[in-house]
**Student:** 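Got a structure for you, written out below as structure tokens; questions coming shortly.
Naming convention: chains lettered A, B, ... in sequence-line order (proteins, then strands); numbering from 1 in each chain. Predicted model, so just to flag it, every value in this text is computed and none were measured.
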2 protein chains.
Amino acid sequence: MKPTLQTVADVVGVSRSTVSNAYSRPDQLSPELRQKILDAARELGYAGPNATARSLRRGRAGAIGVLFTTTLSYAFIDPYAVRFLRGLSEAAERHDTGLLLIPLSHDDDETAAAKVREAVVDGFCVYCVPDWHHSQTVMKSIGRPAVTTAFRPDAYDFSVGIDDRTASRQAAAHLLRLGHRRLAVLAAYDDVDGARLGPIPAPDIDKIEDFEMRQRLRGIRDAVVDADLDWSTVTVVNTVTNSRAAGHAAAAHVLDTSPRPTAVLGCTDLVALGTIDALRDRGLRPGLDVSVTGFDDIPEAQTVGLSTVRQPAIDKGVIAGELLLDPPDDPGDRHVLLPTEFIVRTTTGPAERS
Amino acid sequence: MKPTLQTVADVVGVSRSTVSNAYSRPDQLSPELRQKILDAARELGYAGPNATARSLRRGRAGAIGVLFTTTLSYAFIDPYAVRFLRGLSEAAERHDTGLLLIPLSHDDDETAAAKVREAVVDGFCVYCVPDWHHSQTVMKSIGRPAVTTAFRPDAYDFSVGIDDRTASRQAAAHLLRLGHRRLAVLAAYDDVDGARLGPIPAPDIDKIEDFEMRQRLRGIRDAVVDADLDWSTVTVVNTVTNSRAAGHAAAAHVLDTSPRPTAVLGCTDLVALGTIDALRDRGLRPGLDVSVTGFDDIPEAQTVGLSTVRQPAIDKGVIAGELLLDPPDDPGDRHVLLPTEFIVRTTTGPAERS
DNA sequence: TTGAAAGCGATACCAA
DNA sequence: TTGGTATCGCTTTCAA
């Protein structure tokens with residue numbers, strides 16, 4: 001029989017409340033009594049209040065659930081994701097809260113729903129989950145607060161994001177200004193129908209279900225249209241997976257078509273880095289023979305000299321956490337738009353040279 | 001007022017048990033009644049049983065706590081850690097269990113203890129926590145099962161690990177067989193006293209509190225002694241942080257001493273890769289001018305051609321999870337020793353050339 | 001197939 | 001400062 005608060009109370013000859021206070025509110029009883037209780041507890045093998053029971057009574061789980069549809073590996077292999085989580089965990093830590101990872105990869109609706117419903121958490125952070133995902137319906141019905149990592153006042157209680165569309169428009173405009181006219185785009189998303197690697201018909205980008213990817217592609221299109229270039233001349237390829245290797249493969253495909261594009265826009269830094277790998281394979285020099293841009297500004301981008309859109313990943317995490325754990329009074333503050341900046345480094349150059 | 005099981009029961013005119021069954025044991029009531037209950041619940045905005053209450057009643061939290069003393073970033077920036085966690089999450093998923101991250105970095109004893117005590121979990125996975133850490137005392141007193149990621153029948157209920165000592169001995173023996181006599185070792189550990197970057201006096205390695213690092217260094221010493229080399233001629237430097245950058249810095253220090261070592265043993269792949277970065281800075285060729293070995297065999301090691309000790313990271317995670325969630329009946333199976341293999345690639349070569 | 005009653009283990013309020 | 005009591009929301013025998 002495992003010892004409980006009651007056990008200790010009986011042994012010491014005090015009430016449960018007093019034992020409880022000994023643990024949770026030391027100032028509510030004399031140090032001597034407290035010590036006596038703690039000693040007795042130790043002797044009985046009582047390890048302190050049961051966490052679950054305390055959660056129930058207090059109405060606080062002490063954790064926030066992080067929902068994502070990628071596998072655990074993918075979630076953490078992306079340096080951008082890691083930085084975001086770092087920010088999130090910083091905020092969580094400040095509020096004595098843990099992070100419960102809830103991977104929803106390859107789950108059917110039932111399973112996903114169960115995972116969300118059975119999560120002992122005070123709120124959710126929707127990290128990488130499309131709107132249509134069944135988990136979202138369930139999550140919303142649970143009535144716990146949820147924050148998502150894109151600017152989505154339309155669909156979530158709280159949200160923090162950047163203006164993906166404008167940011168990627170800037171990247172594209174930069175290349176167009178340099179005179180590039182043969183552009184290729186590498187997107188990375190995984191839709192409900194199982195998007196495949198390969199060219200995406202130009203008009204289809206509006207149907208992409210991944211909010212961020214859709215916006216980034218639209219931004220590129222905006223710039224292309226601004227520059228009086230025909231959007232259908234732009235090759236858009238989906239790498240499906242957001243990884244350097246997937247970017248490498250997709251870029252290989254794109255670079256071997258003729259005429260070769262003079263610039264490749266990566267929708268994430270990882271696929272842009274993969275593109276640079278593919279260039280190197282072919283003896284092509286980034287920024288001279290072919291220009292490359294990325295998105296995120298992960299640490300490796302700096303090492304490589306990748307021209308890219310910088311977004312504040314850690315801040316995004318911190319803010320997501322704070323929104324959830326210390327909600328602002330003013331409803332107007334519940335959705336945060338963070339600034340981005342296009343960083344010109346060495347992987348972009350004039351088109352003449354290409 | 002949030003709706004509860006009772007609310008729904010009252011509205012439908014049945015008892016709480018029946019509503020509970022509607023959710024948790026559909027076979028216990030007629031489909032019609034179940035549907036009626038579910039409909040009423042939806043209408044009332046009742047989202048299904050409260051997870052915490054259910055946990056309390058069932059005596060199952062549905063999560064395992066992952067304890068580590070590094071920061072969240074470091075925990076996930078190491079590809080080895082990511083692979084381990086991938087395995088762990090695979091096992092967890094099989095048992096409908098989540099992963100609660102519990103970072104114990106820069107916490108005082110009180111805080112660490114509180115985090116452990118308040119974690120709503122069914123068991124703990126001690127990922128990167130030294131024996132002396134206060135959290136361990138608390139954890140053990142809680143009475144929930146714990147698994148650690150080293151072969152430690154002496155100190156934990158369950159454990160899974162490799163023979164670090166023998167494995168690193170093999171790496172060192174390989175170099176010695178190639179004729180290397182001026183060796184440097186890069187360790188990466190963070191002791192209670194705050195180990196600093198810099199040379200470690202030779203006899204001190206037995207005092208290192210990080211179990212794995214201690215064993216790896218001992219293994220190297222074993223090989224050195226076997227080869228009739230004086231252990232005190234070997235320079236051991238601690239990078240403190242296990243990262244490529246820290247390895248880079250420490251290696252720079254080591255490579256700029258004269259006479260320069262002809263071989264550098266990295267105690268992890270990350271610091272070994274950092275060493276290769278440092279070699280490149282100096283125009284030195286790995287495997288020709290200076291030999292380098294690593295430990296872990298992370299994916300990047302293969303790309304770079306690093307000679308290293310391969311250990312089954314994912315399997316380690318899977319087994320850790322299974323030990324916790326589906327404990328073997330036979331006590332003899334509670335501690336698992338996994339095989340390792342020394343992989344010779346291109347970063348090691350004969351000493352003559354150095 | 002359904003319901004009544006007894007907890008799971010703790011906390012919080014209020015009274016002493 | 002300490003104790004009594006109600007309650008957090010659900011599951012689970014057991015009986016009807």
**Student:** What is the separation between atom CD1 on B:I37 and atom P on D:dC10, rounded to the nearest whole Å?
**Tutor:** 13 Å
**Student:** When you check the phosphate oxygens OP1 and OP2 of C:dC8, does a side-chain N or O of B:T52 lie under 4.0 Å from one of them?
**Tutor:** no
**Student:** How many Å lie between CG on A:N50 and P on C:dG9, as a whole number?
**Tutor:** 7 Å
**Student:** Report yes if a side-chain nitrogen or oxygen of B:T18 is closer than 4.0 Å to either non-bridging phosphate oxygen (OP1 or OP2) of C:dT2; otherwise report no.
**Tutor:** no
**Student:** For C:dT1 and B:R34 - does any side-chain N or O of the residue sit under 4.0 Å from the phosphate oxygens OP1/OP2?
**Tutor:** no
**Student:** What's the closest nucleotide to the B:T4 side chain, out of D:dG9, D:dT11, C:dA10?
**Tutor:** D:dG9
**Student:** Using only side-chain N and O atoms of A:R54, determine if any of them is under 4.0 Å from OP1 or OP2 of C:dT11.
**Tutor:** yes
**Student:** Measure the distance from CG on B:L56 to C1' on C:dC8 and round it to the nearest whole Å.
**Tutor:** 4 Å
**Student:** Starting from P on D:dC10, measure out to CZ on B:R25 and report it in whole angstrom.
**Tutor:** 16 Å
**Student:** Check whether any side-chain N or O of A:S17 sits under 4.0 Å from OP1 or OP2 of D:dG4, and answer yes or no.
**Tutor:** no
**Student:** Go nucleotide by nucleotide along DNA chain C from the 5' end; which of B:V14 and A:S24 gets its closest nucleotide reached first?
**Tutor:** B:V14
**Student:** With respect to the phosphate group of D:dC10, does any side-chain polar atom (N or O) of B:Y46 fall under 4.0 Å of OP1 or OP2?
**Tutor:** yes
**Student:** Less than 6.0 angstrom from the centroid, inside 45 degrees of the normal: does A:R144 satisfy that with respect to the ring of A:F124?
**Tutor:** no
**Student:** State, to 0.1 Å, how close B:E93 and A:S105 come at their nearest heavy-atom pair, and which atoms those are.
**Tutor:** OE2-O, 4.0 Å
**Student:** To the nearest Å, give me how far apart NZ (A:K36) and C1' (D:dT2) are.
**Tutor:** 13 Å
**Student:** Please confirm whether A:K140 makes a cation-pi placement over A:Y156, using NZ or CZ under 6.0 Å from the six-membered ring centre and within 45° of the ring normal.
**Tutor:** yes
**Student:** Ignoring hydrogens and angles, are the base of D:dT12 and the side chain of B:R57 linked by a donor-acceptor pair under 3.5 Å?
**Tutor:** no
**Student:** If I take atom CG in residue B:L5 and atom C1' in nucleotide D:dT7, what distance separates them, rounded to the nearest angstrom?
**Tutor:** 16 Å
**Student:** With distance as the sole criterion, is a donor-acceptor pair present between the side chains of A:T7 and A:D10 under 3.5 Å?
**Tutor:** no
**Student:** In plain terms, say whether A:D154 and A:R152 are close enough for a salt bridge, that is, a side-chain N and a carboxylate O under 4.0 Å apart.
**Tutor:** yes
**Student:** Rounded to the nearest Å, what distance is computed from the OH atom of residue A:Y23 to the C1' atom of nucleotide C:dA12?
**Tutor:** 19 Å
**Student:** Can you tell which of D:dT5, D:dT11, D:dT2 lies closest to the side chain of A:R16?
**Tutor:** D:dT5
**Student:** Do any side-chain nitrogens or oxygens of B:S20 fall under 4.0 Å of OP1 or OP2 in D:dC10?
**Tutor:** no
**Student:** Over how many whole Å does the gap from A:E32 atom CD to D:dT1 atom C1' extend?
**Tutor:** 11 Å
**Student:** Is B:Q28 touching bases, backbone alone, or none of the nucleic acid, heavy atoms closer than 4.0 Å?
**Tutor:** base
